[in-house]
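Down below is the structure, laid out as structure tokens.
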Amino acid sequence: MTFSRRDFVKTSVIGSVAAGIGATSVFPHASAESGQQGHASQKETSKRPVILCANNGLAYVEAAYAALKGGADTLDAAIQVVKGPENDPNDDSVGLGGLPNEEGVVELDSCCMHGPTRRAGAVGGVRNIKNVSMVAKAVMQHTGHVMLVGEGAERFAVDMGFPRENLLTDRSRKIWMLWKQFNSDRDWWGPGIADPHWEPPAPDKKPQGELWRDRIQQLQQQAASLGIEPEYQLAAVRRILFPPTGTIHCSALNDKGEISGITTTSGLAFKLPGRVGDSPIIGAGCYTDQDVGSAGATGSGEENIKVAGAHTIVENMRHGMSPQAAGMDALKRIVRNYNGDMNKLRFMDMTYYVLRKDGAYAAVSLWEGYSAGHPHKFAVHDGTLRSETATPLLQGYSQEWPPFPPIPEELKKDSEYLK
Ligand code: ASP
């Protein structure tokens, strides 16, 4: 089923009236599976090893899977996957080339858990070091601490031999400059969606089509004058209109049943300096228990912290829930935090990746995707590498924050990036 943004707004209104927690019309995919039973789309498998990760890791899974089969440690295999996007200057959600904070500085977060030794490591707000996944592991291995942040984390990384480098690529710098130029009256200061007095923005008086055409044309001209390559200009515009999130989580299970997990990110684009999201928080962005399984998250970090998502999921599985039911329950807690108010929930999204110790896995998301034709995907390898679609809790598509009016259909046709 596909939804346009316009359809979605209609659905939201109905949803917000109907929304009681557990209302089956609001949780179409989850209603049949609130308890311990499996689900049609639940992947039960006794195959091991298994690697499960966010879809931006797809290209790196095959090699990591081979390493795992060859006896590599589960955390090392998971890091081998996430290092791919960390090293890729064109992945602007992680590591090198990540979109910066509002001051133009790239700040990275990561955490990991090693199942076999039941240890954890994390770093938050790290500047100038690309492979923060490895720094998180180094904190675990070489200190008596679990988490280091900011300058201390950077100094520790340098002491451990990680090179300092400029993480702001020219392209990400230009996108940040475009964002500054455009966004002088819109930023992350002031009350957020969680504030009881928050109101959705009033609709603009100008016809939507005109408004969008003006904004997009103006931004494209500015992008050109900043030297952004023509073929990347609309992608840059999209990132300005809808500051993206982006992260990678990976859980790895070997044939002995050992399991580990890691999450790494550059966090929310144009965030306030010093902001850390869920990704470096053990229990939110990642949680692994050797007796049970592993879970990780990508999406609205602030929301995930409040439900301790990854830990909640692992605990749910400990008490007998399937991976999918466990993930859906965490998503429902996010919905509960907003009393099912679709006018707020539509501005957030969340995907959980869940791997149980026996190899059963699931990925679940709050919404179907960020627009029709862009469902939330994840990568899995259990002998065969593939990309699958996460099972959504709510029907429809999330809307980016800060909110903008719906994009007219004719403009959507013009660009892949604006769909
Ligand atoms: N969860 C990340 C954060 O809040 C962002 C994301 O996953 O897209 O920093």
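Order of listing sets the numbers, starting from 1, for every ligand and every atom in it. In what follows, every heavy atom counts, from backbone to side chain, and hydrogens, waters and symmetry copies are set aside. Predicted model, so just to flag it, every value in this text is computed and none were measured.
Taking any N or O of Asp109, backbone or side chain, none lies under 3.5 Å from an N or O belonging to ligand 1. When only interatomic distances are considered, the shortest N/O to N/O separation between Ala297 and ligand 1 does not fall below 3.5 Å. Looking at Arg275 next to ligand 1, an N or O pair under 3.5 Å apart turns up. When only interatomic distances are considered, the shortest N/O to N/O separation between Thr298 and ligand 1 does not fall below 3.5 Å. Taking any N or O of Gly277, backbone or side chain, none lies under 3.5 Å from an N or O belonging to ligand 1.
The option with the heavy atom closest to atom 7 (O) of ligand 1, from among Asp349, Thr247, Ile305, is Thr247.
Residue-ligand proximity, Asp278 to ligand 1, at heavy-atom distances under 4.0 Å covers atoms 1 (N), 2 (C), 3 (C), 4 (O). Applying the 4.0 Å criterion to heavy atoms of Ser279 picks out, from ligand 1, the atoms 1 (N), 2 (C). Every atom of ligand 1 is numbered from 1 in the order shown, and the set under 4.0 Å from a heavy atom of Gly267 is 9 (O).
Ring planes of Tyr353 and Phe378: perpendicular class, angle over 60° (limits at 30 and 60°).
Counting heavy-atom neighbours within 6.0 Å of Met160 CE, excluding the residue itself, gives a total above 12.
Ion pairing between a basic and an acidic side chain is recognised when a charged N comes within 4.0 Å of a carboxylate O; Glu107 and Arg275 show no such pairing. A salt bridge links Arg173 with Asp170: the closest approach of a Lys/Arg side-chain nitrogen to an acidic carboxylate oxygen falls below 4.0 angstrom.
Partners of Tyr338 by side chain to side chain donor-acceptor pair (under 3.5 Å), not counting sequence neighbours, listed by chain and number: Glu303, Lys306.
Looking at Ser387 and Asn55, their side chains do bring a donor and an acceptor atom within 3.5 Å of each other.
Each side-chain hydrogen bond (donor to acceptor under 3.5 Å, both in side chains) pair with one or both residues in residues 75-84, not counting sequence neighbours, appears once here: Asp76-Lys137.
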